[in-house]
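Taking it in order: structure first as structure tokens, then the write-up.
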Amino acid sequence: MITLEVFLTIGALLFVFGILAVVTKRNAIGVLMGVELILNAANVNFIAFSFFTDTGIDGIMIALFIFVIAVAEAAVALAIVLNIFRNMQTINVDEIDSLKK
Amino acid sequence: MALLYLAIVIWLLPLFAFVVQIFFGNRLPRKGDWLVVGAMFIDLILALIIFANILIQYDPGYRVTLHFDWIVLGTQNFPLGFALDNVTAVMLVVVTAVSALVFLYSIGYMKGDPRYSRYFAYLSFFAFSMLGLILFDNLLGIYMCWELVGLSSYLLIGFWFEKDSASNAGKKAFITNRVGDFGMFVGMLIVFYVTGTFSLDGIEASVVSGNFSGSILTAAGILLFVGAVGKSAQFPLHVWLPDAMEGPTPVSALIHAATMVVAGVYLVVRIFFMLTPDSMLVIAYIGGFTALFAATIALVQNDIKRVLAYSTISQIGYMILALGTGAYAAGLFHLMTHAFFKALLFLGSGSVIHAVEHAFRSGKIDADPQDMNNMGGLRRKMPVTFWTFIIATVAISGVPFTSGFLSKDAILAGTLSFAGTHPQHFLLPFFGFLAAGLTAFYMFRLVFKTFFGEFSISKAWGYVHESALTMTIPLVVLSILCFFVFYSYSPVSPDEGWFYHLIEKPEQAAVANAGSAMLTTGGEEGEHDSSHSYALIMSLIIAFTGIIISYKTYYSGKISAVEWGNMYPRLYRCMFNKWYVDEFYSATIIRFTLGWSAFCGWFDDNIIDRVVNRTARVTVVISWFNGKFDNIIVDGLVNGIANTTQLLGWFTRQVQTGKIQQYLVGLLIALVLIIILRTM
Amino acid sequence: MIGKDIIFIIFAVITVGSAALVVFSKKIIYAAFSLMLSLFGVAALFVFLNADFLAAVQVIVYVGGILVLILFGVLLTVKISSDNVISHLSQRIWGSIAAVGMFVLIFIAITRTNWTILDKSEDVVYYPQSEAIGIQLLTNYILPFEVASILLLAALIGAMFLVRPENK
């Protein structure tokens with residue numbers, strides 16, 4: 001029951017829901033949550049491969065660094081969101097379209 | 001050869017004077033008259049040098065030529081050339097002498113004219129053209145100069161163009177000459193078509209060789225003669241010459257009496273070698289008829305210059321008659337003597353008119369200064385004019401010891417001997433003798449009416465005075481040239497003189513080929529036989545008859561001219577109205593031309609214009625369609641492309657929303673699609 | 001082994017279901033708590049994979065750190081009660097298409113791949129990983145470890161810079 005394919009499927013689902021969150025949330029923080037989900041999906045895959053294959057501890061090490069990156073990303077992203085809010089009085093992504101101009 | 005170069009210098013000198021005069025005339029001192037007159041006198045001296053050389057050589061066959069290529073068109077060459085022979089030398093002297101004297105005379109006559117300098121420029125231009133006409137030995141060159149003298153004649157007749165009659169007379173002269181020149185041009189084309197050359201030598205060669213003969217040669221000769229008819233004012237193209245008297249009197253003397261109008265005679269002399277018996281006959285009859293015809297008109301005219309103009313026509317008719325009957329030297333001789341005494345007559349009449357006009361102006365009398373009825377008794381006030389005029393009148397009437405007697409007698413003798421060999425042409429001497437008598441009559445009528453009797457308007461009598469020296473000197477010089485001694489030792493026969501020695505009748509190949517059976521031109525040979533004596537006596541009788549009748553009518557009054565006129569009213573009216581030739585032309589040619597013009601005008605208005613308007617309307621419709629096509633199709637295409645581009649731009653712009661999420665969706669869908677496409 | 005499987009299924013369902021709730025919840029605060037639950041489930045899954053250290057780190061860092069951070073962000077920016085965080089319909093449809101397509105592709109890849117070649121020969125036995133991780137961090141992974149520390153420092157400074165007061 002506990003097989004590689006199951007873990008990979010769970011990772012795929014997390015990834016897909018992360019993408020859905022990123023794509024469909026109007027709120028910038030919701031988008032940020034989607035990103036966290038995607039990173040977790042990756043982590044699940046790395047650790048699953050590390051467990052089910054003969055690759056030693058490398059998968060765990062990479063997952064560890066992903067944690068680091070996720071933390072840094074979350075900190076910087078939240079800072080950006082706060083800044084945007086301060087400048088535009090909104091964090092609704094579909095209202096932030098100054099890239100259009 | 002050197003003489004020929006000298007002749008070319010003579011030719012070009014007036015051209016130089018003309019160019020300077022026309023451009024700078026008004027700025028030169030005395031308005032440049034000294035330049036033109038001086039150039040002409042130099043010409044005269046050079047011509048006399050040539051003439052002296054000719055006399056010294058005394059060679060009847062003297063002839064030098066100079067040829068050069070003028071235009072080369074492909075293989076066709078159009079050379080021009082000059083020739084100097086005895087005829088040319090004589091003509092040079094005549095033209096330069098008369099020109100020089102008339103130029104000198106003009107200084108006095110034209111004094112105070114507003115276009116004084118231009119007048120002299122035109123005179124110089126005329127001299128250039130006339131001398132060129134004499135020098136060219138090529139029909140093409142002659143034709144060019146022929147037209148140039150026509151042009152200068154036109155300019156000078158219409159010199160006082162403020163007067164309607166003057167400008168109309170200029171036009172009339174020009175147009176009438178066109179008719180003649182057209183015939184001449186056709187004749188030239190025939191000559192060129194047959195012989196392939198315009199050179200007189202070349203034409204002569206092909207006439208002699210027999211290549212150019214028969215009726216086409218006759219036609220060419222007559223057509224060339226038509227040009228002479230126009231230029232020399234022969235019937236029926238004589239109508240322009242009396243009207244040409246509207247020009248300044250010196251111009252009448254120079255161009256319309258002494259030089260230009262005899263160009264036709266000169267042309268006949270030049271083409272004499274190619275005349276056939278038939279064309280000779282045509283020439284003779286036209287000349288003879290003109291001589292008589294013009295003389296009858298001159299009988300009854302009252303305008304002094306018109307009498308002289310008809311006299312000129314008549315005298316040129318004599319020359320033509322002489323050439324037509326084969327009296328070649330006689331015709332040319334009469335040309336020369338006539339040039340001098342007719343120039344003298346005109347200059348004398350000019351002197352009279354000048355004086356009378358001045359008197360009328362000073363006396364504030366509104367009368368025609370050219371009408372002889374307004375004159376009379378002038379001999380007491382104008383002795384120089386009177387005596388020179390008398391000499392010229394005697395000469396033209398054919399009184400012995402004058403040049404006119406010599407030449408006219410020679411012509412009459414020629415016609416008489418021609419009629420002797422060809423009795424069917426008895427009319428020709430009849431014309432000649434009758435015209436001679438009439439000439440004597442009307443010339444003395446002129447003299448009596450002008451210089452004798454009493455001045456008709458006594459109020460102006462006090463203002464009449466003799467003309468200035470520049471005007472009387474030419475009169476005196478010309479009157480001296482009216483005496484026989486300059487032409488022959490004998491007062492009764494020109495045979496003794498240098499002229500008959502130098503001027504040799506050219507061979508008439510066509511006449512010779514035609515054989516003596518048809519026509520042998522009596523001419524010169526006849527002068528040695530009895531006909532000469534008959535002619536001499538008859539012409540003397542006729543001339544003195546004319547003079548006596550004139551004397552009785554206009555001086556002693558024993559015969560009343562009015563009664564004569566009443567006796568034959570129809571004849572008188574016909575003659576007074578110049579035989580209605582002008583009216584005839586008005587009624588026929590001019591009316592037809594006007595009618596035809598009116599028809600053409602109507603055609604233009606109603607047919608051509610209508611076609612043009614229709615075309616315009618069709619064009620408008622087509623243009624409307626074009627416009628629509630342009631607006632709708634072409635512009636539509638362009639706008640359509642622009643709109644399509646805009647639309648595509650709108651579509652693509654929808655993609656760029658500026659929204660990150662939409663970009664991301666697109667990116668993911670694309671990724672999915674790429675993977676699907678790559679793996680399948 | 002049945003009990004272990006049951007527990008595994010429970011945690012797997014919690015993980016995936018919470019992730020779905022993150023996506024579909026209309027209020028950001030619900031999403032935040034759903035995310036917490038999902039991350040917690042992932043930590044439990046790590047335990048099944050013998051990654052005890054990572055499971056602990058997951059709970060501490062994500063649930064304790066990142067999620068708190070996110071909640072702060074939520075509280076600082078939006079009126080929690082009123083805001084609808086779900087975007088427009090078209091965006092949802094296109095996003096769903098993309099996501100489903102993505103999942104289908106990945107699922108096909110997972111099922112089609114022959115994973116047996118990667119299988120370990122012997123059975124996996126549990127052992128604590130902390131020591132091994134520590135040794136690895138200071139030996140083989142010393143460079144990424146130091147880079148990661150610089151990254152964290154940069155993120156720290158960057159975050160502080162971004163949220164500094166406007167006037168000086």
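Letters go in sequence order (proteins before strands), and every chain restarts at 1. Reckoned from all heavy atoms, side chains included, excluding hydrogens, waters and symmetry mates.
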Looking at A/Phe46, is its backbone amide N or carbonyl O close enough to the side chain of A/Ser50 to form a donor-acceptor pair, meaning the two atoms are under 3.5 Å apart? no

Could you tell me whether a side-chain N or O of C/Ser38 sits under 3.5 Å from a main-chain N or O of C/Thr15, the two making a donor and an acceptor? yes

Is [X] in contact with chain A via its backbone, its side chain, both, or neither, using a 4.5 Å heavy-atom distance?
| X | result |
| --- | --- |
| C/Val42 | side chain |
| C/Phe161 | neither |
| C/Leu137 | both |
| C/Leu54 | both |
| C/Ala109 | neither |

Is there a side-chain contact between A/Phe49 and A/Leu8 (heavy atoms, below 4.5 Å)? yes

Is there a side-chain contact between C/Phe11 and C/Phe48 (heavy atoms, below 4.5 Å)? yes

Positions in residues 143-150 of chain C that reach chain A, provided some heavy atom is under 4.5 Å away: C/Pro144, C/Phe145, C/Ala148

Using a 4.5 Å heavy-atom cutoff, which residues in residues 55-64 of chain C come close to chain A? C/Val57, C/Gln58, C/Val61, C/Tyr62

Can you tell me which of [options] forms the most heavy-atom pairs within a distance under 4.5 Å of chain C?
| options | result |
| --- | --- |
| A/Val71, A/Val44, A/Ile60, A/Ile80 | A/Ile60 |
| A/Val81, A/Leu82, A/Val16 | A/Val16 |
| A/Ile47, A/Thr9, A/Asp58, A/Leu32 | A/Ile47 |
| A/Ile57, A/Asn43, A/Leu64, A/Asn40 | A/Asn40 |
| A/Val22, A/Leu14, A/Ile19, A/Ile84 | A/Leu14 |
| A/Ala63, A/Ala72, A/Gly34 | A/Ala72 |

For [X] versus [Y], what's the shortest heavy-atom pair and its separation?
| X | Y | result |
| --- | --- | --- |
| A/Leu78 | C/Gly73 | CD2-CA, 4.0 Å |
| A/Ala12 | C/Ile106 | CB-CG2, 3.6 Å |
| A/Ala79 | C/Leu162 | CB-CB, 3.8 Å |
| A/Lys25 | C/Ala31 | NZ-CB, 4.3 Å |
| C/Ile28 | A/Met33 | O-CE, 3.8 Å |

Side chain, backbone, both or neither: which part of [X] has a non-hydrogen atom closer than 4.5 Å to chain C?
| X | answer |
| --- | --- |
| A/Ile69 | both |
| A/Met61 | side chain |
| A/Ala28 | neither |
| A/Glu73 | neither |

Are there more than 12 heavy atoms of other residues, nucleotides or ligands under 6.0 Å from atom CZ of C/Phe103? yes

Looking at [options], which one has more heavy-atom pairs under 4.5 Å with chain A than the rest?
| options | value |
| --- | --- |
| C/Ala19, C/Ala12, C/Gly95 | C/Ala19 |
| C/Phe46, C/Phe72, C/Trp94, C/Phe107 | C/Phe46 |
| C/Ala155, C/Ala51, C/Ala20 | C/Ala20 |

Checking side chain to side chain contact (heavy atoms under 4.5 Å, CB included) for the pair C/Ile29/C/Leu71: CA distance, chi angles, key distance, verdict? CA-CA 8 Å; C/Ile29 198 76; C/Leu71 283 173; 3.6 Å; yes

Step-by-step side chain to side chain contact (heavy atoms under 4.5 Å, CB included) determination, A/Phe7 to C/Phe8: CA-CA 11 Å; A/Phe7 278 98; C/Phe8 173 72; 3.3 Å; yes

How many angstroms lie between [atom1] in [X] and [atom2] in [Y], if you round to the nearest 0.5 Å?
| X | Y | atom1 | atom2 | answer |
| --- | --- | --- | --- | --- |
| A/Phe17 | C/Leu21 | CZ | CG | 9.0 Å |
| A/Glu36 | C/Leu69 | CD | CG | 9.0 Å |
| A/Phe52 | A/Glu5 | CZ | CD | 8.5 Å |
| A/Leu13 | A/Leu20 | CG | CG | 10.5 Å |

Could you walk me through whether A/Phe15 and A/Leu37 pass the side chain to side chain contact (heavy atoms under 4.5 Å, CB included) check? CA-CA 6 Å; A/Phe15 173 71; A/Leu37 277 179; over 6 Å; no

Step-by-step side chain to side chain contact (heavy atoms under 4.5 Å, CB included) determination, C/Ser18 to C/Leu35: CA-CA 6 Å; C/Ser18 307; C/Leu35 181 65; over 6 Å; no

